[in-house]
Amino acid sequence: MTTPSATGAPLLTIENLCASYGGAWVLKDVSLTMQVGEFLAIIGANTAGKSTLLKAISGLMPQTSGNISFLGHDLLNTPAHRVPTLGIAHVPEGRHVFTEMTVEENLRTGAFTRGKSSGVGDSIARIFDLFPRLKERRTQLAGTLSGGEQQMVAVGRGMMLDPKLLILDEPSLGLAPIVVEEMHDRFHEIHNSGVSVLLVEQNVSLALESAGRAYVMSSGSIEFEGIATELAQDDRIRRAYLGI
Amino acid sequence: MTAPILQVQNLTRRFGGLVAVNDVSFELDPGEIVGLIGPNGAGKTTLFNVLTGIYPPSAGQILLRGAPSGGLKPHKIAARGMTKTFQNVALFMESSVLDNVVTGGLLKNTLPEARKKARAILERVGLASIADKKAGDLSFPERARVEVARALCTEPDILLLDEVMAALTPAEMEDVITLVRSLRDEGITFVVVEHHMKAVMKLCERLLVLNFGELIADGTPTDIAQNDRVIEAYLGSSFAKKRQHQAPEVLA
Amino acid sequence: MTRFFYPSLAVVAVTVMSLLPLTLDPQGYEIRILCIAMLFAALGQAWNIVGGLANQISLGHAAYFGIGAYTSTILLRLFSLSPWLGGILGMVLAVLFALLLSVPTVRLKGHYFALATLGAGEAMRVIANSWASVTGGPVGISVPYSRESSLWMMQFPTVLPNYYLFLIALVIICLVFWKIQTGALGFRLRAIKENEQAAEVIGVDTYRAKLIASTVSAAITAFMGTLYAQFQFFFDPDTVFGVATISVKMALIAILGGVGTLLGPLLGAAFIIPMEEFANSYFGASVAGLSQFAYGVILVVIILINPRGLVALIGQIKNRIFSKGGSQ
Amino acid sequence: TGAAALAMPALTGRGFAQEAVNVGVIVPLSGANAQFGINSRNGIQLVADEINANGGIKSMGGAQINLVIADATSNPTQAATVAQRMMSQDNVVAVLGAFASSLTLAISEVTERRGVPLLTMSFSDQITDRGFQNVFQIVSPGSQIGAATFDFTRALAQEAGQTLEKIAIMYEDTAYGTSQSAGLRKAAQDAGIEVVMDEAYPLGITDVSPLINQLRRSDAQVVFPVSYLNDSLLIVRSMRQQGINIPTIGGAAGYIIPDFREGLGDLADNVLSISPAAYDQAPDYTERFREKFGYFMVHEAQEHAACMGCLHSALEAAGSADHAAIREQLQNSVFDQGWATVMSGGKVEFDEMGRNIHASPLMVQWRGGELVTVYPKEYATGEVVWNS
Amino acid sequence: MQSITTFFQTLIDGVLIGGVYAVISIGLSLVFGVMHIVNFAHAEFLMLGMFIAWFAWAYAGIDPMLGAFIALIITFFIGMGMQRVLIKPIIGAPQVAQIFLTVGLLFAMENGALLLFGADFRSVSTSYQTQALTLFSGESGRILVPLDKLYAFLMALLSGASLWFFLNRTSWGRAMRATSQDPMAAKLMGINTDKMYMIAFGLGVGTTAFGGAVILPYITASPTVGSQFVVLMFTAVVLGGLGSVAGAVVGGIMVGLIQSFSALILPIQLQNLTLFVIFILVLALKPEGLTARRRS
Ligand SMILES: Nc1ncnc2c1ncn2[C@@H]1O[C@H](COP(=O)(O)OP(=O)(O)OP(=O)(O)O)[C@@H](O)[C@H]1O
Ligand SMILES: Nc1ncnc2c1ncn2[C@@H]1O[C@H](COP(=O)(O)OP(=O)(O)OP(=O)(O)O)[C@@H](O)[C@H]1O
Ligand SMILES: CC(C)C[C@H](N)C(=O)O
Ligand SMILES: [Mg+2]
Ligand SMILES: [Mg+2]
């Protein structure tokens, strides 16, 4: 249960966003705002378009219309590789580790935009603290790691960017419960240190526990939004996402 | 008491210096639904890979219906009735969903029969509407379900499911659980790897726990949930706490 | 379209191709081009079985082609054996070679497979060059010129009968390909193409499937080698075991047309062979190198327009016309 | 398929005057042999231009020669197709070409079946020993050139007071090297001389060290490398590198083109080579080539020019474009006029097999950027330098 | 006794010519490693490098060992441009399309060079090309180290080491490898993947052109010189493990040694037969090349 430490200053504003992979529109008129310092969650069923929304923010969607602005930058017209330099780290769904690099090289690559700046070593040490498993495996090729270990690499690599906004697309996918727990604790710490966090999480109860506010998506549109703790009590949510 | 359908005896698999599966032994009775849990990197997927012949065992025995199957090629093992789904999803991405499933059906059928079977299975797992879509265009959860359908079409006796419920909504998980149960009733034996504890607890009648390649526990979900080693290595303390509050509901 | 559309299209195409030479000079240039186009269409189709369906990009198919050409020609020269029999023996030898080659290569994937087969083709070329007592060595080997015509000995006064041999062979090979493509083996090969490990786990004997595909392909290629020898009358190791002249060209034709499709190699050959000829006759005389330069540039341009080949390109054009028609 | 194939040649639109006589020229204009193909084309072009400038073929009403030139590429299949095209589309009276034996052999299978005369300077014995009626080889066959290489060398050594006992042969393993070295080997064996090294190597060899090491160990008195250009440069340079200075007698091809000298500079001096023809035998003709193209008349240009010269005379005599009539003339005439005289003996005459009975190879030697004929004596224009 | 010197001479010859193969193969391996493209036209850049170095030598008197750097720079930019226009559109395309494109490019470049430079064979003359170090000289024979090949060998080590350092020890090198393994993720790390591809291709063809220049004292330049090396280059690169720079060096030297020792025992004509047989056998035992690391 985090109290939103939002400052009220807009961080990310999305207006009437539509996006497609070449066929039908996968996002239809999505609007969303996020404030500096917020911990925001997006939940929704499969194929609701959550990942697509995140990809659009990062400049990975081929066809888009509408508006995305991040601290005054027009993201829709920013090439994907410049987005991280603005301070956005995106941990993609499905791990996407660099399979032929060692764990440590993966992490170092995460710090690419930081150039020669110092502190890269410290960041790595912090990530090894969070995921001791990775420390054991630091010289192993990431492609030979177990699924969950790869997920740790992906999250750690994203954190290496030292971002203003950390975007997490299903970070707990395939992780052991104990690791999920620790990782979410760490997300809190990161958030508390001033980083805004945008989280997509299928583990809805966890997401609503972590986030201050949440948007609920279905078939390409925002259904509704609200304070996370309130949504957790909402019947519509309980039925669809908190079952089992 | 029926004879065990699968016996695993002192199974070990190494990668260089790393022992991914370490001296593991267990048996499966026909019609069981067994959960295989354990921390990331514990060796669950590797165990599946050795069972299905992707990797040969470094040591130990596997008896499939009494006959040794360790070291056989995957297709031989599939023909003997054991197959698996892939954690990272390994569909034939350029082919349609239907064709993916048909290919599985060819193991025991002629092409026209395989087609018929595949359609029936797609119907059953609720994928009929996307039968003609290209597998590469599906979302991750959809793909995982196609994996299941394709494996089912090989008409297995033992099906090893590797995290097919990851990224599913609770409602969808319920569907999968219902499906697995009904398939079990038709005689298929399941081993399920899943990190979603609620789902595991609900679906499985027995749990195996791996840690650092070793089997550290084998018992009913209730027992496992109270096993200190498992809590420490895998479930975490808060899970144990939560369980105490919610125990009756979860086990329902 | 009804399900009779494609079969009837095929019947029409075969009929046209059968009647066409009657309008041509039977000793002429056009008929020779057509023969070569059919030869390469057939070779492309044979390659398509392994390269297209299973994505086993072989760059060593010249080995089979050369085995076919040499086997029948050597037996013809030594024992006056009919090329029909020699051709069958060539097929047997090619199948044996394919089996032998599969031992080290069957586990190889992608580029490794491609380059290993390339090595195998080159090895055959070296052998043919060095084993002069049997092959005639680098000097080449001639099919004896017999002035009397005989179907049994595949000797004809004009190219016309060769034309029909090529046509029949092409039709048969297309049928074989089609049978494989739409049958269970086709499913298995496509599974191998996309994910070999997954294919194994769901019960595909990948080794066996690859073996069947490569032996069928090898046998067909070898027989085309025999037909080629009886058509060209003279060849040397560099030609029939050539990387550029045979191996890569077979692949190019299938790829250009549309890899893994029935129509692909046909379109590919129908395009490449005349195009090569066109470049040669149009630019060849003026400046050294210009014709080959033009040929290269045209290849590059086509692939840039549509990397999936002519079949896809035609589909694209069809779509465009169709959608235009629809909007009006 | 058919429509496309048919449309292509029509597009080429090779238009020419009605009365012109089309002569097919098929030479490699791309690939590794392009340089030789260009040289060959230049030789033929020179002669054709001269004929046309002098009023064309008189017996045919001053008909001009129209060269139909095509790229043989390096692929025999393509070469044969080109030949077919020339006969069908261009109605050529005869074909000249195609430098490399493998191409010529492929072309001859087509020309023979259509009864079109083919004049060639390719060496391979096989070209004229299949009993074909329509092929004429203006140079000695490879085996004879090979034998002459040996015989001439032995004579030269003897004159210099050296008795040959051990020789080394190395040859590139295509048709040219193989057939020529076969003649060489046989001549040496017949003379009872020990061939202490006899190695084929692949054309396109990238490292000749093994060859040269072997040569060094072999103790040979002379070496006969039969090579194209790249390999010849490699061989000569590596020999110098290793301090091997025995006489080197090349097998034509790479050894007798300007690039050889350019590549080796002074190292080229005194290298010997066999040649099927030499420009210093008929300077009044061959200098015209140098004037027009700026380099000396290499042998393939010279021999192709001679082919064109013979064809010209045959056309004059036949007075028609009829293939049989031309063939008749080629078979039965003695060509001792015009460009035919640049061949050894000053004339050309074809026997039943289609071989030029007067052809005699020559031994040439590099001397300050020029090639000088040094043997046989009756053709020699300079003294041999023999450094044993 | 004789056989000892022969053995060492063969060993030295093999290693040295192996260095020549290595220097021209490194770039091919890089292009494959980063772009997953088997570039059949790659050897044409060898030819281009040779011509550039030849012109530098002929018109400015620059020794090919220095001309090599000019060749590297010029072809680097040519390569970048070519990547932009020709290779980029096919990066995601099926493997077969890439084969097709690069074969077309091969024809175009080889014959483009013929049109541009003519069919003449061009070679340089330098003092060292006919010199050799004598390592040993005695009863049993001599052991020589030809200087031209020694220089080429040293340049091979230089370019291999530089490239290896770049790829493994610099952040740009890591970025390049990241791009090759997962372009989408690389973009998310702020890596300009388009630029990486361009640089990789430029460097790859540049290194090979560099190699071409370095071997100019020894091999004659002509439009078709690439075809002399293309199969050997691929063999070297695959033996070492496609995509690995160190592998290309190892593979190159292996090819040299195999050729050299085969020539000692068997007819020279068969040296490539030996090579291909060993090549196929190595692949059979280690399907991803000698230096390949284990993957899942
Ligand atoms: N690369 C792609 N090409 C074509 N369609 C795609 C692609 N990726 C996703 N889609 C489609 O876009 C839609 C939205 O997918 P998206 O991945 O954004 O959903 P999601 O909400 O993230 O779902 P999930 O919970 O499954 O991750 C789906 O219908 C999916 O099939
Ligand atoms: N091919 C391989 N080479 C080297 N190490 C491997 C290989 N495959 C797996 N491993 C290692 O073996 C261990 C077990 O991996 P495995 O994939 O079986 O774990 P898992 O239990 O499935 O984990 P997860 O829940 O994260 O999927 C891991 O440490 C992994 O790094
Ligand atoms: C001159 C030689 C290199 C070629 C020769 N004309 C041949 O027959 O191949
Ligand atoms: Mg998603
Ligand atoms: Mg796993």
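Please read these numbers as outputs of a predicted model, since none were measured by experiment. We name chains A, B, ... by the order of the sequence lines, and we start the count at 1 in each one.
- Applying a 4.5 Å heavy-atom cutoff, the residues of residues 50-60 of chain A that approach chain E are A:Ser58, A:Leu60.
- The CZ atom of A:Arg114 lies 12.0 Å from the OG atom of E:Ser171; values are rounded to the nearest 0.5 Å.
- E:Asn192 CG to A:Phe112 CZ: the interatomic distance, rounded to the nearest 0.5 Å, is 8.5 Å.
- Between atom CZ of residue E:Arg174 and atom CZ of residue A:Arg108 there is a gap of 6.0 Å, rounded to the nearest 0.5 Å.
- Smallest separation of non-hydrogen atoms from E:Met184 and A:His96: CE-NE2, 3.5 Å.
- Residues of residues 73-92 of chain A lying within less than 4.5 angstrom of chain E, judged on heavy atoms, are A:Ala80, A:His81, A:Pro84, A:His90, A:Pro92 in numerical order.
- Here CE of E:Met189 is found 9.0 Å from OG1 of A:Thr113. Values are rounded to the nearest 0.5 Å.
- Within residues 14-21 of chain E, no residue has any heavy atom less than 4.5 Å from a heavy atom of chain A.
- Annotation: residues 126-137 of chain A contacts chain E through no residue [non-hydrogen atoms, separation under 4.5 Å].
- Sparse packing is recorded around NZ of E:Lys195, with 12 or fewer heavy atoms of other residues, nucleotides or ligands lying under 6.0 Å away.
- In this structure, A:Thr109 OG1 and E:Asp182 CG are separated by 11.5 Å, a value rounded to the nearest 0.5 Å.
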